[in-house]
Amino acid sequence: MGLLSKKDSKLISDPLLDNNPITIQVLGICSALAITAELQASIVMSISVLFVLGVGNVVISLMRNIIPSKIRIIVQLVVVAALVIIVDQVLKAYAYELSKTLSVFVGLIITNCIIMGRFEAFALGNGPWRSFLDGIGNAAGYGFILILVGFFRELLGSGTLLGYAVLGDPIEKTGLYAIGYENNGFMLLSPMALIVVGLIIWVQRSRNKALIED
Amino acid sequence: MENRTDKNSYTLLFAVGMVIVVGGILAFLASSLSPAIAQNEKIEKQQNILYALGINNNEGSSAVFIDASEAPEEFKKNVTEQLVLTFKDGSIVKTQTRQEYMDEANQEPYLIDVKKQQNLQKTEGTRLLPLFVGKNPEGKTLYVAPIRGKGLWDAIWGYVAVDEDMVVQGAYFDHKGETPGLGANIKQTYFMDDFTGEHLLNDSGVFKGITVAKGNADPKNNDKNDYEVDAIAGATITGDGVTAMIKKDLGLYVPYFKTLKK
């Protein structure tokens, strides 16, 4: 990448794989379990987090020298909550349909540990540009896993992708269902999200042994 | 190392300042946007009622309302009357037309807050039941009733259109915060459409409600007389909430429909 120095581009590429917030840092698991039953929900959540983490990291980074360390967690919480509420209110007034889609995610974004984690671990100690890149990188890494999990859960659980019946109709017994295939309803429940994330972690660590901790 | 920002006085000042600034921004935003938001919510209610009547822009399997810009006009055209029934101690004691209610309360009946009325029923045993009379695209007269209940995480609500025999002709459900992909799917057409044709009363006129059933032996929903629709996998509690709100809220309207038959 010509635009970014090598160090800066690592900020984006690292969280995608070798320092992925979900599979390596094990942050943001709660939302990864809660909303990945459908691919579309995963995508919406990923984009929302991308926005909030990118902007939030910059705001926190700009404020990093004036935030009192004793109450920094509260300040971070206020910043992210205010950001999300502002966006939610503006959408409600000017893009009502979109806000209906997002309303469910508002609470999940505020409580997402990745956001607080990146504020705390990165934005408080780095400049705004690097913080912005770090936010984008981590949100992308988070979104990548979310979409991967959402893909498998929706495909195997409901036999659809983004709402389109890709495997045929389970009730009319067409497509794959004609030869006896059945949807696995268990995939739609949260425990399977945990197992899918576990499988991803397993695959990732068996490909890159350096990631294995003792 | 003692920093300027570590001092208690600084911390306190910062906290106070932050609360004032953030609070001010949010309060300003909320009050300046609230008329636009209220307008959007009003139009959404009209769209919901029209949807239950069968007036919508559905494409394939996704539920699409008619355009927000057309909603007020279509609402006026298709919803011919908005009745307000006063429910007290198990029976309906008063029936007002839209005009009568408007003279009294200075508010459109479709803006009646169902949640507030449900609380009134609990505390005082009386509540207002709005009932919207309209025509579906085939010209049949339908009655749309608002219902409200609890899902897994937060409120769920809906509008159910029935004919005068209390056979469901259309339904719209919505929710505040059900799980995306699971409970949130109550607003998908495949779930809402299942209610069409279901009977709420049995042959002798006893209110049976409609149960969102997990063990439904009829997933294609061909049997319209079983008082059951097929549940959504993984959304048991939201489904139970739908069952409960249909039983609780729609059941109150039964006496009114009995008077229609006489």
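Keep in mind it's a predicted model, so treat the numbers as computed, not measured.
Remark: B:E73 CD is loosely packed, at most 12 non-hydrogen atoms of other residues, nucleotides or ligands lying under 6.0 Å away. Other residues, nucleotides and ligands place more than 12 heavy atoms under 6.0 Å from the CD atom of B:Q117. Enclosure of atom OH in A:Y181 by more than 12 non-hydrogen atoms of other residues, nucleotides or ligands within 6.0 angstrom is indicated. No more than 12 heavy atoms of other residues, nucleotides or ligands sit less than 6.0 Å from atom CZ of A:F144. Shown here is A:Y96, whose OH atom has more than 12 heavy atoms of other residues, nucleotides or ligands within 6.0 Å. Residue-environment remark: NZ (B:K247) exceeds the threshold of 12 foreign heavy atoms within 6.0 Å. More than 12 heavy atoms of other residues, nucleotides or ligands shown are found within 6.0 angstrom of CG on A:L62. The number of heavy atoms from other shown groups lying within 6.0 Å of NZ (B:K187) is above 12.
When all heavy atoms of B:K7 and A:K70 are compared, the pair lying nearest together is C-NZ, 4.4 Å. Nearest heavy atom pair, residue A:I71 against residue B:A15, reads CD1-CB, 3.9 Å. Taking both residues in full, the closest heavy atoms of B:V22 and A:A82 are given as CG1-CB, 3.8 Å, listed atom of the first, atom of the second, then distance. Closest of all the heavy-atom pairs between B:N40 and A:A93 is ND2-O, 3.1 Å.
Of the two parts of A:V90, the backbone and the side chain both hold a non-hydrogen atom closer than 4.5 Å to a non-hydrogen atom of chain B. Residue contact with chain A, scored on non-hydrogen atoms closer than 4.5 Å, involves the backbone and the side chain of B:N8 alike. Only the side chain of B:T179 comes within less than 4.5 Å of a heavy atom in chain A; its backbone stays farther off. Residue contact with chain B, scored on non-hydrogen atoms closer than 4.5 Å, involves the backbone and the side chain of A:K92 alike. If you measure heavy-atom distances from A:L188 to chain B, the contacts under 4.5 Å come from both the backbone and the side chain. Heavy atoms of B:E41 lying under 4.5 Å from chain A belong to its backbone as well as its side chain. Contact of A:L39 with chain B is not made at all, since no heavy-atom distance falls under 4.5 Å. In this structure, no portion of A:M192 lies under 4.5 Å from any heavy atom of chain B. Contact of A:V44 with chain B is not made at all, since no heavy-atom distance falls under 4.5 Å. At a 4.5 Å heavy-atom cutoff, the contact between B:I25 and chain A is made by side-chain atoms alone.
The candidate from A:I74, A:T36, A:V75, A:N183 with the greatest count of non-hydrogen atom pairs under 4.5 Å with chain B is A:V75. Contact count versus chain B (heavy atoms, under 4.5 Å) is highest, among A:V78, A:N65, A:I35, for A:V78.
With B:Y10 contributing its side chain and A:I66 its backbone, the two residues share a donor-acceptor pair below 3.5 Å.
Rounding to the nearest 0.5 Å places OG of A:S158 at 10.5 Å from CD1 of B:I232.
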